[in-house]
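Residue numbers run from 1 in the order of the sequence given. We use all heavy atoms of the structure for the numbers below, so side chains are in, but hydrogens, waters and symmetry mates are not. These numbers were taken from a predicted model, which means no experiment stands behind them. When a ligand or atom number is given, it counts from 1 through the structure's own listing order.
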Amino acid sequence: MANDERPTAIVTGASSGIGEATARQLAASGFHVVLGARRMDRLAAIAEDIDGTALSLDVTDPDSVTAFAATIPAARVLVNNAGGAQGAEPIADADEAHWRWMWEANVLGTLRVTKALLPTLIASGNGHVLTVTSIAAVEVYDGGAGYTSAKHAESALHRTLRGEYLGRPVRFTEILPGMVETEFSLVRFDGDADRADAVYRGLVPLTAQDVAEVIDFAVSRPAHVNLDSIVLKPRAQHSATRAHRD
Ligand code: NAP
């Protein structure tokens, strides 16, 4: 890793979906990409494809994050993407294990990874932290409180950094996607493919590649240009609760 001439970009949750597409896109744009996630077989295959580096990472485990960060000597870009949803039960039936996982992965995971890597990003002279939150960071919906509360908190954490690091050589961009067809819904509904497919039925959702290209655009702006937040949705989606389906 040390002898690579390419600048380094770190992508968490790079074993599938938005993270995988982002890793591939940033590699195509000239970055050496460090890919982090738990499923090492998938991660290693993607890393090999793009001449990147696969590192085991569980953002819910502080020791794992410490070991991950210690392996990365220099980096310019961090994409906080690891996370997701579990369950969609109303608050009256809230499953605390679901809530705990969503807060650990989306909120504390982003906190840990960002905290560990910010000094390295700033030392590059042109650091950039991009956090993939969601439209769930600005909306609420019935059955979604575990996820929306976690994404609201992740967003607050990310936006606070913009102020705390003002004047330092680091940019902060929040990416807020609407519906993207990935493994997200399969994970949310515990492998129930019919329920997951129903989320995207009758409309054209965003692809992971659509989001990756937007991330790449933000990263490739000149150093003085900070895209603070980018909301992107399918044309057929108005909000978290309203979409046009054929
Ligand atoms: P996905 O295909 O399920 O990808 C989730 C990624 O996160 C996987 O690579 C997974 O890898 C990783 N991950 C999960 N827990 C982790 C942990 N503890 N440590 C490290 N990595 C972990 O879903 P996706 O749609 O691409 O989701 C990516 C991000 O986009 C998430 O933050 C999600 O909330 C957000 N988002 C998704 C949508 C959507 O509609 N799909 C919309 C808005 C925002 P391993 O399982 O291998 O660890």
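In this structure Phe184 satisfies the ring-ring contact (aromatic ring centres under 6.0 Å, His included) test together with Tyr147, sequence neighbours excluded. With sequence neighbours left out, the side-chain hydrogen bond (donor to acceptor under 3.5 Å, both in side chains) criterion links Thr182 to no other residue.
Every protein residue with a heavy atom nearer than 4.0 Å to ligand 1 is included here: Gly13, Ala14, Ser15, Ser16, Gly17, Ile18, Ala37, Arg38, Arg39, Leu57, Asp58, Val59, Thr60, Asn81, Ala82, Gly83, Gly84, Trp101, Asn106, Val132, Thr133, Ser134, Tyr147, Lys151, Pro177, Gly178, Met179, Val180, Thr182, Glu183, Phe184, Val187.
By the 30° and 60° cut-offs, the orientation of the rings of His158 relative to Phe172 is perpendicular.
Connectivity analysis of hydrophobic side chains (ILVMFWY, heavy atoms under 4.5 Å, direct or indirect) links Leu176 to Ile135, Val138, Val231.
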Review point. Please walk me through it: do Leu118 and Leu161 pass side-chain contact (heavy atoms from CB on, under 4.5 Å)?
Key: CA-CA 10 Å; Leu118 259 172; Leu161 289 167; 4.0 Å; yes
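In this structure, Lys233 does not pair ionically with Glu139, as no charged nitrogen and carboxylate oxygen lie closer than 4.0 Å.
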